[in-house]
A.B. asks: 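Take this structure, written in structure tokens, and hold onto it; I'll ask about it next.
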There are 2 protein chains.
Amino acid sequence: MSVRAVHHTSLVEKAVAELRRLIGDGEWPVGTKLPGEVELSRLLGVGRSTSREAVRALIADGQLRAQHGSGTYVVSATPVSEFDRTLRRGRVADVYEVRVALEVEAGRLAALRRTPDDIAALRAALAARDAASTGPELAEADVELHRLVVRAAHNPVLDEVFTTFLGALRATAASVIADDRRSPDQDDRTANAHRALVQAIVDGDPDAAVAATRQNLDPTLAILR
Amino acid sequence: MSVRAVHHTSLVEKAVAELRRLIGDGEWPVGTKLPGEVELSRLLGVGRSTSREAVRALIADGQLRAQHGSGTYVVSATPVSEFDRTLRRGRVADVYEVRVALEVEAGRLAALRRTPDDIAALRAALAARDAASTGPELAEADVELHRLVVRAAHNPVLDEVFTTFLGALRATAASVIADDRRSPDQDDRTANAHRALVQAIVDGDPDAAVAATRQNLDPTLAILR
DNA sequence: GTCCTCAGGTCCTCTGAGGAGTTGTACTCT
DNA sequence: AGAGTACAACTCCTCAGAGGACCTGAGGAC
């Protein structure tokens, strides 16, 4: 006989889950003003105090913000953890430096563990990056390539941590990096470094991957410092 | 003229702050059963629903846990972020691998940035580690040494992330690592690797620091995998 | 155009009541 | 004496009503 522990879910928790779903699924995008207390509790099918407690939980998570006299608003589609706040408070250069630490190791591991699928994806991303003309498009293709490198390391934890860092950097450092108008010369060097990185991973050469990753990231780090 | 925006603090927020203080300051250590709703609201000087909402916020933070019919208990002295949960859910080997990524770079940076104070602290920690006889004492001295290496990198973000990882690893991997009875031979090698690491940092040799850090951590990673 | 007044909507707070779950104790039965 | 049961006291959960504090926008006064 297999006994499964009975899991008690209070109404508050259910209400929290429903609110999370509404926000996470995009039915209530960031900026949405929630219905009033009475209406909201009617929608959720619970009493007013219960829905208030659910809202309070999401406020603690950083997903909602209540403004006295005005309303309650969605401020984030995902829970903003203490960790995110730390990263956002930290100096950009420091955050970036940790990102480098993660990505260097990711590149090394990717060279050791890449699968044929990884290789195909990396080559495609590299081609997309080369094809991307300028500005946001290039930045997007760039991020995608880096993300794939990390994915090729086949470490879910590393993947998630890296994603968190990317998000934090995108929020705080986007302008810094975008404002830095790069010379064509520098662009060439960076493009070459990316090619070298992919090649090193394809070749299964961890040391070369480490070197290429550094070559990719160090210039930006130098600008930030 | 500098104008500071008036900051409105609701009673709930004040109650949350007070609860956080009580827990964070250790007046209510982990395991403590909180007073009942009526008593708690009296203590906080607010109404029952208000204190309930404050408690709900701390439940969302992972610091409290309410058990229907039994009571409300302190389960964590610090807010448990989504990030912590990720680390605890992740496979130990994956988490450890990210730790390696952080520490390798930390070693490299430490070699570049160490101050005389760092050097003195590292030497003292190394001596303490050599003096530590066995078991928990050695583990403690070991962790302290690693922590100092990271500190010598002078990157607050890196420091905090590393601490988070250490905490998660201590929670989930302690038994795994402790259970691994090491041979005296292995002990010697590890001790030597630690000496080499400190020496590399003192010498300001980043490449040697990277190599020594790897030599320190790779064996454990191999055991975990 | 600027400022004031005000009404309507909102969240905030308190309170009383009843429901549901847990736990320890006293009691009963074997 | 030991096992099992019944129960009382305690807990958190949920609901609902009422009044307060606050914000916003409309409309009028200057």
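Per chain, numbering begins at 1; letters A, B, ... match sequence-line order. Quantities reported herein were computed from a predicted structural model and do not represent experimental measurements.
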A.B. asks: Below 4.5 Å, heavy atoms only, C-beta onward: do A/Leu58 and A/Val16 meet side chain to side chain?
C.D. replies: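 The answer is yes; the side chains approach within 4.5 Å.
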A.B. asks: Taking OH from A/Tyr73 and C1' from C/dG9, how many angstroms apart are they, rounded to a whole number?
C.D. replies: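 In whole Å, C/dG9 C1' and A/Tyr73 OH are 11 Å from each other.
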A.B. asks: If you restrict it to nitrogen or oxygen atoms, what contacts under 3.5 Å exist between nucleotides 19-25 of chain D and the protein, and what is each distance?
C.D. replies:
residue	atom	partner	partner atom	Å
D/dA21	N3	A/His68	NE2	3.0

A.B. asks: OG1 of B/Thr220 to CZ of B/Arg99: how many Å apart, nearest 0.5 Å?
C.D. replies: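 Rounded to the nearest 0.5 Å, the OG1-CZ separation comes to 8.0 Å.
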A.B. asks: Which whole-number value in Å describes the distance from B/Lys33 NZ to D/dC12 P?
C.D. replies: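 Taking NZ of B/Lys33 and P of D/dC12, I get 7 Å after rounding.
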A.B. asks: Quick check against the 3.5 Å criterion: does B/Arg129 have a side-chain atom that pairs as donor or acceptor with the backbone of B/Ala141?
C.D. replies: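 Not a single qualifying donor-acceptor pair exists.
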A.B. asks: Shortest non-hydrogen contact from A/Arg56 to B/Ala57?
C.D. replies: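 Looking at all heavy atoms of both residues, the shortest contact is CG-CB, 4.2 Å.
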A.B. asks: Using a strict 4.0 Å threshold on nitrogen-to-oxygen distance, state whether B/Arg214 and A/Glu105 make a salt bridge.
C.D. replies: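 A salt bridge is present here (some side-chain N lies under 4.0 Å from a carboxylate O).
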A.B. asks: So, taking the atom named CG in B/Leu169 and the one named OH in B/Tyr96, what distance separates them when rounded to the nearest 0.5 Å?
C.D. replies: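 Between B/Leu169 CG and B/Tyr96 OH, I get 7.5 Å after rounding to 0.5 Å.
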A.B. asks: Roughly how far, to the nearest 0.5 Å, is the CZ atom of A/Arg52 from the CD atom of B/Glu53?
C.D. replies: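 CZ of A/Arg52 is found 4.0 Å from CD of B/Glu53.
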A.B. asks: Whether the A/His194 and A/Asp142 side chains hold a donor-acceptor pair (N or O, under 3.5 Å, no angle test) is what I'd like checked.
C.D. replies: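 Yes - a donor-acceptor pair under 3.5 Å links their side chains.
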A.B. asks: Under a 4.0 Å threshold between the charged nitrogen and the carboxylate oxygen, would A/Arg147 count as salt-bridged to A/Glu160?
C.D. replies: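 Not counted as a salt bridge, because no side-chain N and carboxylate O are separated by less than 4.0 Å.
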A.B. asks: Under a 4.0 Å heavy-atom cut-off, which of residues 49-57 of chain A touch DNA chain D?
C.D. replies: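 Contacts with DNA chain D under 4.0 Å: A/Ser49, A/Thr50.
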A.B. asks: Scan residues 34-42 of chain A against DNA chain C and write down, sorted by residue number, each residue with any heavy atom closer than 4.0 Å; if none is found, say none.
C.D. replies: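 DNA chain C contact set from residues 34-42 of chain A: A/Pro35, A/Gly36, A/Glu37.
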A.B. asks: Testing B/Arg21, B/Lys14, B/Arg20 for salt bridge (charged side-chain N to carboxylate O under 4.0 Å, His left out) with B/Glu18, which one passes?
C.D. replies: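 When B/Arg21, B/Lys14, B/Arg20 are each tested with B/Glu18, the salt bridge (charged side-chain N to carboxylate O under 4.0 Å, His left out) holds only for B/Arg21.
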A.B. asks: Which residues pass the side-chain contact (heavy atoms from CB on, under 4.5 Å) test with B/Ala121, sequence neighbours left out?
C.D. replies: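 Expected list: B/Leu148.
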A.B. asks: Is it the case that the side chain of B/Asn155 and the backbone of B/Val157 share a donor-acceptor pair, with hydrogens and angles ignored and the cut-off at 3.5 Å?
C.D. replies: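 Confirmed, B/Asn155 side chain pairs with B/Val157 backbone.
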A.B. asks: So which atom in B/Ala15 and which in B/Ala54 form the shortest heavy-atom distance, rounded to 0.1 Å?
C.D. replies: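 Shortest heavy-atom contact: CB-CB, 3.6 Å.
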A.B. asks: Do B/Asp159 and B/His154 have a side chain donor and acceptor closer than 3.5 Å?
C.D. replies: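 No, no side-chain donor-acceptor pair sits under 3.5 Å.
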A.B. asks: Please write out each protein N/O paired with an N/O of nucleotides 3-5 of chain C under 3.5 Å, distance rounded to 0.1 Å.
C.D. replies:
none

A.B. asks: Quick check: does any side chain N or O of B/Arg114 sit under 3.5 Å from a backbone N or O of B/Ala152, one acting as donor and the other as acceptor?
C.D. replies: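 Judged by distance alone, no pair lies under 3.5 Å.
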A.B. asks: Look for any protein N or O under 3.5 Å of an N or O in nucleotides 7-9 of chain D and output each such pair with its distance, or none.
C.D. replies:
none

A.B. asks: If I take atom CG in residue A/Leu58 and atom P in nucleotide C/dC11, what distance separates them, rounded to the nearest angstrom?
C.D. replies: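 To the nearest whole Å, that distance equals 15 Å.
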